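These notes are about the structure you will find just below.
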Amino acid sequence: MRPTEDSYRHKGLRKKLVDIIRAKGITDETVLDAINNIPRHFFLDSAFDEQAYEDRAFPIGEGQTISQPYTVAYQSQLLGIKKFDKVLEIGTGSVYQASVLAELGAQVFTIERQKKLYERNKQFTWLLKKYPSIKFFYGDGFEGLPTYGPFDKIIITAAAPEIPQKLLQQMKPGGFMVIPLGSGEVQQMLRITRTASGEFLEEKFDHFSFVPMIEGKKD
Ligand code: SAH
């Protein structure tokens, strides 16, 4: 069962979590506010109430995880979200990252390759009411959403073995893609910018550990 109550205790734990993330180097106050505003325990079973506010990833079933809050904040900060940005997310998972982006004012399009995880979101009534603009898709993130693009920003929340070429084509000029690149245990965070003249620039950031981005859909 998902919890539905956001108590003072939860709010207090969340403030502490925000302090931890700030101490680790996140400086964008809009991102920190978004983390502070979203009851992360709603994204987990009520049995994991306490763990929801630890700064770590947590299993959500189907071999997948809800990303670590610091990682969510880090990727969100690199994306530099502006209100009404059209954002494509690869790897819906628990929908926590998508919610942070929606809280920042983005129009989020999110793709999940696992049907069970995709189906589960349809029963997440609090989320559907709170962020009605998030659009969910069951599909392969390597393909992106050509009919909905181009996007201002693209975020990949699984370890990408290579830069998905089809996604580069779905970026607007001036747009960013934030992608953890690598096929081993750890990946390096990259930010790719598509310049106005159509070139792609790469900036390299810290190392993280994501679950793998896998080609094709899973029933
Ligand atoms: N953004 C999520 C993180 C989930 S973990 C959150 O906030 O909870 C990564 C997710 O990416 C998993 O759910 C996994 O099933 C999904 N995934 C892996 N490869 C994918 C692909 N090719 N297309 C879409 N989703 C993919």
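Note that the structure is predicted; figures quoted are calculated from it, not measured. Indexing begins at 1, ligand by ligand and atom by atom, following the structure's order. Nothing fancy with the numbering, it's 1 onward along the sequence.
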Problem set entry | Location of contacts on E89 toward ligand 1, heavy atoms closer than 4.0 Å | side chain

Problem set entry | Verdict with reasoning, K116 to E119, per salt bridge (charged side-chain N to carboxylate O under 4.0 Å, His left out) | CA-CA 5 Å; K116 282 200 182 129; E119 296 288 347; over 6 Å; no

Exercise. Quick one: which ligand 1 atoms are inside 4.0 Å of a heavy atom on Q114?
Worked result: 15 (O)

For this session: Report the C-alpha distance between R22 and E29 in whole Å, list the side-chain angles of each, state the deciding distance to 0.1 Å, and finish with yes or no for salt bridge (charged side-chain N to carboxylate O under 4.0 Å, His left out).
Result: CA-CA 9 Å; R22 186 185 275 114; E29 290 297 327; 3.1 Å; yes

For this session: Would you kindly specify which portion of Q64 sits under 4.0 Å from ligand 1, judged on non-hydrogen atoms: side chain, backbone, both or neither?
Result: side chain

Exercise. Could D19 and K16 be called an ion pair, given the rule that one side-chain N must be under 4.0 Å from one carboxylate O?
Worked result: no

For this session: Tell me which protein heavy atom sits closest to atom 3 (C) of ligand 1, plus the residue, atom name and distance to 0.1 Å.
Result: S67 OG, 3.5 Å

Exercise. Any nitrogen or oxygen of I214, main chain or side chain, under 3.5 Å from a nitrogen or oxygen of ligand 1?
Worked result: yes

Problem set entry | F58 and F48: CA distance, side-chain angles, deciding distance, ring-ring contact (aromatic ring centres under 6.0 Å, His included) verdict | CA-CA 9 Å; F58 206 77; F48 308 118; 4.8 Å; yes

For this session: Just jot down the ligand 1 atoms closer than 4.0 angstrom to any heavy atom of T65, in number order.
Result: 3 (C), 4 (C), 5 (S), 8 (O)

Problem set entry | For Q97, the ligand 1 atoms whose distance to one of its heavy atoms is below 4.0 Å | 1 (N), 7 (O)

For this session: Specify side chain, backbone, both or neither for R113, according to which of its non-hydrogen atoms lie closer than 4.0 Å to ligand 1.
Result: both

For this session: Would you check whether T157 has a nitrogen or oxygen atom less than 3.5 angstrom from a nitrogen or oxygen atom of ligand 1?
Result: yes

Exercise. Is the ring centre of F42 less than 6.0 Å from the ring centre of F124?
Worked result: no

Seminar exercise, completed: Among non-hydrogen protein atoms, atom 11 (O) of ligand 1 lies closest to G91 CA, 3.1 Å

For this session: Take the angle between the ring planes of H41 and H10 and call it parallel below 30°, perpendicular above 60°, tilted in between.
Result: parallel

Exercise. Would you say the side-chain atoms of R40 and Y96 include a donor-acceptor pair closer than 3.5 Å?
Worked result: no

For this session: Compute the minimum heavy-atom distance from T92 to ligand 1 and say whether it is under 4.0 Å.
Result: yes

Problem set entry | Atom indices of ligand 1 within 4.0 angstrom of V211 heavy atoms, with elements | 5 (S), 9 (C)

For this session: Output the list of atoms in ligand 1 that are nearer than 4.0 Å to some heavy atom of M213, sorted by atom number.
Result: 18 (C), 19 (N), 22 (N)

Seminar exercise, completed: The answer for which part of V72 has a heavy atom under 4.0 Å from ligand 1 is neither

Problem set entry | Atoms of ligand 1 close to G141 [distance to a heavy atom under 4.0 angstrom, numbered from 1] | 21 (C), 22 (N), 23 (N), 24 (C)

Exercise. When D152 is tested against each of Q107, K82, K172, K86 for side-chain hydrogen bond (donor to acceptor under 3.5 Å, both in side chains), which residue passes?
Worked result: K172

Problem set entry | Carboxylate-amine/guanidinium proximity below 4.0 Å for D85 and K153 | yes

Exercise. Under 30°, 30 to 60°, or over 60°: which ring-plane class applies to F137 and F109, parallel, tilted or perpendicular?
Worked result: parallel

Exercise. Looking only at protein heavy atoms, which one is nearest to atom 15 (O) of ligand 1, and how far off is it?
Worked result: E112 OE2, 2.6 Å

Exercise. Looking at I90, which atoms of ligand 1 are within less than 4.0 Å of one of its heavy atoms?
Worked result: 23 (N), 24 (C)

Seminar exercise, completed: With heavy atoms and a 4.0 Å threshold, my read on which part of A98 contacts ligand 1 is neither

Exercise. Are the side chains of Y53 and P69 in touch, meaning some heavy atoms are under 4.5 Å apart?
Worked result: no

Problem set entry | Any E215 heavy atom less than 4.0 Å from ligand 1 | no

For this session: Out of G93, S94, A160, indicate the one that has the non-hydrogen atom closest to atom 8 (O) of ligand 1.
Result: S94

Problem set entry | Separation between CD of E89 and OG1 of T110, rounded to the nearest 0.5 Å | 3.5 Å

Exercise. Hey, which atoms in ligand 1 end up nearer than 4.0 Å to a heavy atom of I111?
Worked result: 24 (C), 25 (N)

Exercise. Any side-chain heavy atom of P180 sitting closer than 4.5 Å to one from I156?
Worked result: yes

